[in-house]
A.B. asks: 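Submitted below is the structure of interest, expressed as structure tokens.
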2 protein chains.
Amino acid sequence: MTDGQRAAHPTGLRERKKRRTRDALLHAAFDLFTTQGYEKTTVDEIVDAVEVSQRTFFRYFASKEEAAFAIQEAMESYFLAQLRRRPADEAPFDAMRNAVLCAWNSIGEVIEEIATVELHLRMYRMIESTPSLLAAHLRRCSDLENQIALLIAGREGLDVDEDPRPRVAVAAFSGVMRVTGQLWGRGRDGDVDSLRVLTEAYLDQLGPALAGNWRTGTGPV
Amino acid sequence: MTDGQRAAHPTGLRERKKRRTRDALLHAAFDLFTTQGYEKTTVDEIVDAVEVSQRTFFRYFASKEEAAFAIQEAMESYFLAQLRRRPADEAPFDAMRNAVLCAWNSIGEVIEEIATVELHLRMYRMIESTPSLLAAHLRRCSDLENQIALLIAGREGLDVDEDPRPRVAVAAFSGVMRVTGQLWGRGRDGDVDSLRVLTEAYLDQLGPALAGNWRTGTGPV
DNA sequence: TTGTCAACTGTCAGAGGCTGACACTAATCT
DNA sequence: AGATTAGTGTCAGCCTCTGACAGTTGACAA
């Protein structure tokens with residue numbers, strides 16, 4: 001597989017150099033962000049560590065923010081790929097559910113291409129606890145939601161502007177995803193398996209949570 | 001009622017002056033934002049229109065952003081007030097549902113205290129279409145979600161960290177709220193009633209949307 | 001090999017958001 | 001009326017981000 005990945009960036013010296021600076025910038029940024037915090041890290045510090053000009057940084061990343069979301073970016077597109085792969089006869093909600101669970105099974109390898117799982121956890125906590133990054137994160141999730149809704153509507157042959165169900169189902173689904181993400185970030189289990197377990201458990205709570213009376217029947221957790 | 005509101009800001013000359021500058025800044029900001037757009041409006045333009053220093057603007061508002069959310073702010077706290085007022089025997093989801101519907105019934109008057117419904121619609125559209133504002137908006141929604149979850153958990157005597165259902169239910173609920181908000185912003189019906197109708201219809205779709213197979217039974221819309 | 005082209009980078013200058021320090025004015029309290 | 005305190009203006013500066021222009025270096029063909 002390592003070979004397969006290398007084959008994905010095979011080209012000449014120029015491209016390799018480019019990739020190297022990008023990686024260097026990313027790692028310097030991750031390092032500084034997680035040690036001193038996002039706000040307290042200036043772009044100047046990052047470029048000093050890599051010894052390039054500030055202008056170069058902004059040619060690789062549209063903003064300081066963008067650099068902070070490299071890992072998330074990879075995870076999101078991996079999930080989307082899994083969702084596109086679901087068999088057409090699965091019901092919408094099941095397709096979404098199975099896509100995350102599949103994605104979370106092998107997400108570790110996706111992360112390792114850029115950083116480490118442990119670093120990702122630290123970055124994730126930083127995003128959740130830095131107001132401006134949290135805001136950006138939520139906007140990214142919202143974009144993702146939109147793509148999912150279009151995809152689901154496509155599977156069912158529906159128009160998202162005509163039928164409310166795609167958007168409504170996706171909204172409920174990704175609401176739960178966010179909650180599990182938060183919980184994972186706050187917990188002490190940093191491994192990827194615990195994220196999968198959490199996701200499964202919480203998705204199964206959607207039905208009961210919307211049911212009328214919580215004081216009877218279905219017990220908690 | 002107008003008297004009741006005046007009684008809410010009764011104090012001396014100093015406070016009245018303060019309120020006047022704040023209102024003036026807000027109105028100048030709304031005006032410029034909706035005519036030329038948020039990004040293209042500089043803080044200097046706003047303060048020039050009111051004839052105060054830039055420093056003064058930043059004493060009233062922590063950021064240019066904050067000024068853009070004054071109306072949203074009022075609406076959100078009004079909804080929370082309605083939710084707190086719901087009878088204790090209502091089921092969680094019903095309480096949320098009824099709280100919004102009640103709030104949307106009289107939200108017009110809340111808005112009129114600051115601006116007009118029409119201006120609010122223009123501001124809302126601007127927020128949704130300006131990436132940085134959309135991000136901020138979503139973060140605010142996320143804060144609100146958190147408050148709702150605590151409130152609901154309190155009603156049911158639960159701990160949000162122990163039982164997943166409060167957060168899950170709130171996540172699903174506010175996911176739907178966002179979808180309706182977006183739809184209202186895109187539609188041509190600018191009145192507040194249409195928002196109420198939309199909300200009711202979409203909340204009723206939550207159950208069907210999560211049900212297994214969309215190709216049978218429940219027809220669209 | 002060499003020359004041309006295109007891509008990548010650095011430098012410089014500047015706009016715009018935002019903050020701290022300090023002095024000044026005007027409302028409030030005694 | 002005088003002391004106190006809140007609100008404001010000015011100034012100086014940091015940081016993110018952008019445009020313009022020039023220098024450098026890999027790619028590619030003659």
Side-chain angles (χ1 to χ4, degrees), chain A residues 9-26 28-30 32-33 35-70 126-127 130-137 139, chain B residues 9-26 28-30 32-33 35-70 126-127 130-137 139:
Chain A
H9 2 279
T11 26
L13 173 65
R14 185 169 259 166
E15 306 253 342
R16 265 177 291 148
K17 249 184 158 176
K18 242 173 84 176
R19 183 170 191 83
R20 234 182 294 145
T21 9
R22 206 193 117 96
D23 283 356
L25 282 170
L26 229 36
F30 289 168
L32 289 164
F33 288 166
T35 54
Q36 5 174 330
Y38 175 78
E39 311 271 15
K40 285 181 185 165
T41 302
T42 68
V43 175
D44 282 331
E45 286 177 289
I46 301 173
V47 300
D48 282 353
V50 185
E51 296 189 303
V52 295
S53 74
Q54 201 200 56
R55 199 71 186 80
T56 295
F57 178 93
F58 283 110
R59 285 201 183 94
Y60 281 98
F61 307 101
S63 61
K64 177 178 154 189
E65 214 176 78
E66 189 178 304
F69 284 100
M126 206 201 56
I127 290 171
T130 307
S132 65
L133 285 185
L134 178 55
H137 178 54
R139 192 175 54 73
Chain B
H9 359 282
T11 26
L13 173 65
R14 188 171 258 168
E15 306 251 341
R16 263 177 291 149
K17 251 181 156 175
K18 242 173 85 175
R19 184 169 191 85
R20 234 181 294 146
T21 12
R22 205 192 118 96
D23 284 356
L25 283 170
L26 231 35
F30 289 167
L32 289 164
F33 287 166
T35 53
Q36 2 172 328
Y38 176 77
E39 311 270 14
K40 284 181 184 163
T41 302
T42 68
V43 175
D44 282 331
E45 286 178 290
I46 301 172
V47 301
D48 283 353
V50 185
E51 295 190 304
V52 295
S53 74
Q54 202 200 54
R55 199 71 186 78
T56 294
F57 178 92
F58 284 109
R59 285 201 182 93
Y60 280 97
F61 307 101
S63 61
K64 176 178 155 188
E65 214 175 79
E66 190 179 302
F69 285 99
M126 205 201 57
I127 290 172
T130 306
S132 66
L133 286 185
L134 177 56
H137 178 54
R139 191 175 55 73

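In what follows, chains are A, B, ... by sequence order, proteins preceding strands, each numbered from 1. Everything numeric here is computed off the predicted structure, so don't read it as measured data.
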A.B. asks: Consider side-chain contact (heavy atoms from CB on, under 4.5 Å). Of B:Val47, B:Val52, B:Thr21, which one does B:Phe57 pass it with?
C.D. replies: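 Exactly one pass, corresponding to B:Val47.
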A.B. asks: Which nucleotide in the set D:dT8, D:dT16, D:dG7 lies at the smallest distance from any side-chain heavy atom of A:Lys64?
C.D. replies: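 Given the options D:dT8, D:dT16, D:dG7, the side chain of A:Lys64 is closest to D:dT16.
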A.B. asks: What is the separation between atom CZ on B:Arg19 and atom C1' on D:dG7, rounded to the nearest whole Å?
C.D. replies: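 In whole Å, D:dG7 C1' and B:Arg19 CZ are 17 Å from each other.
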A.B. asks: Expressed in angstrom and rounded to an integer, what is the separation of A:Arg20 atom CZ from C:dA7 atom C1'?
C.D. replies: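 It is 16 Å, rounded to the nearest whole Å.
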A.B. asks: If you assign B:Thr41 and B:Lys17 each to the DNA chain C nucleotide with the nearest heavy atom, which residue ends up on the more 5' nucleotide?
C.D. replies: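 Checking each residue's closest nucleotide, the 5'-ward one belongs to B:Thr41.
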A.B. asks: Using a strict heavy-atom distance below 4.0 Å, which residues from residues 52-62 of chain B are in contact with DNA chain D?
C.D. replies: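 Residues of residues 52-62 of chain B under 4.0 Å from DNA chain D: B:Val52, B:Ser53, B:Arg55, B:Thr56, B:Arg59, B:Tyr60.
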A.B. asks: Okay, side chain of B:Thr130, backbone of B:Ile127: is any donor-acceptor separation there less than 3.5 Å?
C.D. replies: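 The answer is no, because no donor-acceptor pair under 3.5 Å joins these two groups.
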A.B. asks: Nearest whole Å is fine: how far is C:dG16 P from B:Glu45 CD?
C.D. replies: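 Result: 8 Å.
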A.B. asks: Please check this pair: side chain of B:Tyr60 against backbone of B:Asp23, looking for a donor-acceptor N/O pair closer than 3.5 Å.
C.D. replies: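 No; zero donor-acceptor contacts below 3.5 Å.
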A.B. asks: Can A:His137 and A:Leu133 be said to form a side-chain contact (heavy atoms from CB on, under 4.5 Å), step by step?
C.D. replies: CA-CA 6 Å; A:His137 178 54; A:Leu133 285 185; over 6 Å; no
A.B. asks: Look at the side chain of A:Glu45 and the backbone N and O of A:Thr42, then say whether any donor-acceptor pair between them is shorter than 3.5 Å.
C.D. replies: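 Answer holds: yes.
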A.B. asks: Look at A:Lys18 and C:dA7 and indicate whether a side-chain polar atom (N or O) is within less than 4.0 Å of OP1 or OP2.
C.D. replies: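 So the side chain of A:Lys18 is outside the cut-off, no N or O lying under 4.0 Å from OP1 or OP2 of C:dA7.
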A.B. asks: What is the distance, rounded to the nearest whole Å, between atom CD of B:Glu15 and atom P of D:dT5?
C.D. replies: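 Rounding to the nearest Å, CD of B:Glu15 and P of D:dT5 are 16 Å apart.
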A.B. asks: Drop me the distance from A:Lys40's NZ to A:Leu32's CG, to the nearest 0.5 angstrom.
C.D. replies: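 Output value for this atom pair is 13.5 Å.
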A.B. asks: Quick one: CD on A:Glu39 to CZ on A:Phe33, what's the gap to the nearest 0.5 Å?
C.D. replies: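 Answer rounded to 0.5 Å: 10.0 Å.
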A.B. asks: When you check the phosphate oxygens OP1 and OP2 of C:dT19, does a side-chain N or O of B:Ser63 lie under 4.0 Å from one of them?
C.D. replies: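 The answer is no; no side-chain N or O of B:Ser63 sits under 4.0 Å from OP1 or OP2.
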A.B. asks: To the nearest Å, how far apart are B:Glu39 CD and C:dG17 C1'?
C.D. replies: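 Whole-Å distance recorded here is 12 Å.
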A.B. asks: Could you give the CD1-to-P distance, from B:Ile46 to C:dC18, as a whole number of Å?
C.D. replies: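 The distance from CD1 of B:Ile46 to P of C:dC18 comes to 10 Å, rounded to the nearest Å.
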A.B. asks: Whole angstrom is fine here: how far is it from CD in B:Gln36 over to C1' in C:dG16?
C.D. replies: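 Roughly 14 Å, once rounded to whole Å.
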A.B. asks: Mind calculating the distance between CG (B:Asp44) and P (C:dC18) to the nearest angstrom?
C.D. replies: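 Going from B:Asp44 (CG) to C:dC18 (P), I get 12 Å.
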